[in-house]
Amino acid sequence: MDRKTKIIAVANQKGGVGKTTTVVNLAAALSAKKRTVLVVDLDPQAHSTLGLGLEKQEGVSIYPVLLGEKSVDEVIMPTKWDNLNVIPSEVDLAGSELEFGQRDDRLEMIRNALAPVKESGAFDYIFLDCPPSLGIVMTSSLVAADSVLIPTQAEFLAMDGLALITGSIDRIRASINPELELNGILFTMVNLQTRLTQDVMEEVKRHFGDKTYETFIPRNVRVSEAPSMGTPVVFLDPRSKGAEAYKAFAWEFMSKNKTRTHAAPQAAAEQAPAEEPVETAPEAAPESAPEIDKADEPASK
């Protein structure tokens, strides 16, 4: 099998839009569909790390990799779900904006750190959970990425947020990463009962066209509860509205972001979400993360 790893930055400088929730649940839903996924938690709050059932550990993050103290394979941690791995975050990342601000390679530092992982082909998708700011870490993440997924709420102020992040994408594309694309816009925490929500969604679709995902994520209590249990909602409560929405989004995402070149024999098995079995969370954790130099082996542990 020939796999081309895609790096997707999940970004929005506006906080509270469901960015980390989207990273955790999209990654989990894709892993349940036999796609190999690596989440890179770049936010010092470490919410993706915690949401995937891991604890923060000093020295286990991309921070020592950026300092040249560790290799990237040393900080890839397995979760208790097959095909799903994480580079956790830690509190030291909070000072990275100042510490790395004077480095000559500050814009390329994350791309260089992840290069061995991408070249190995061990993963289908690498998701960068970016901090909610337009600083060095966010900018370096956009330089490292192939595309940017923007979760956003269907609210008036979200329009300004979209303008800022798409402007950043344009600047990065024009200056240092000409291949960078807008992956798409995902509406989160949607309440279709309000007229404002419908108006904002229609306006964004008018402006961005097919870059707006058809799937949207509704407001759902179980989605909010899942992080406190260290389990993605797609595993915690697969039948909840939030879980069903993220699973549907994973199908749409895969159709637009193909990574495997000879998937024809699998096509019949990947027809529609309705035929998908219910995922359940396994009890036992895998013993180790995948070796990044084994390009033809699925990263399932």
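All heavy atoms count here, side chains included; hydrogens, waters and symmetry mates do not. Predicted model, so just to flag it, every value in this text is computed and none were measured.
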Distance-only criterion, 3.5 Å: show the donor-acceptor pairs between side-chain atoms of residues 149-158 and protein atoms not counting sequence neighbours.
| unit_1 | atom_1 | unit_2 | atom_2 | d |
| --- | --- | --- | --- | --- |
| Q153 | NE2 | E155 | OE2 | 3.2 |

Is it the case that over 12 heavy atoms from other parts of the model lie below 6.0 angstrom from the NZ atom of K256?
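Yes.
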| query | Can you check whether F187 and Y213 have ring centres sitting under 6.0 Å from each other? | reply |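 No, the ring of F187 stays outside the 6.0 Å limit from the ring of Y213, centre to centre.
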Using 4.0 Å as the upper bound for N to carboxylate O, is an ion pair formed by [Y] and [X]?
| X | Y | result |
| --- | --- | --- |
| K118 | D146 | yes |
| K241 | E244 | no |
| K205 | E202 | no |

Residue pairs fulfilling side chain to side chain donor-acceptor pair (under 3.5 Å) with at least one residue in residues 172-182, sequence neighbours excluded: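 Sorted pair list: D170-R173.
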Can F235 and Y246 be said to form a ring-ring contact (aromatic ring centres under 6.0 Å, His included), step by step? CA-CA 11 Å; F235 295 138; Y246 272 115; over 10 Å; no
Quick one, L30 and F127 - any side-chain contact, counting heavy atoms below 4.5 Å?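 They are in contact (side-chain heavy atoms under 4.5 Å apart), so the answer is yes.
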TODO: Could you check Y125 against F253 for ring-ring contact (aromatic ring centres under 6.0 Å, His included), going step by step and ending with a plain yes or no?
DONE: CA-CA 11 Å; Y125 302 106; F253 181 88; 5.3 Å; yes
Report task. Apply side-chain contact (heavy atoms from CB on, under 4.5 Å) to the pair D124 and V37, showing each step before the final yes or no. Result -> CA-CA 6 Å; D124 288 292; V37 183; 5.8 Å; no
message = Quiz question: by atom type and distance under 3.5 Å, do the side chains of S48 and D129 form a donor-acceptor pair?
response =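 Yes, side-chain donor-acceptor contact under 3.5 Å.
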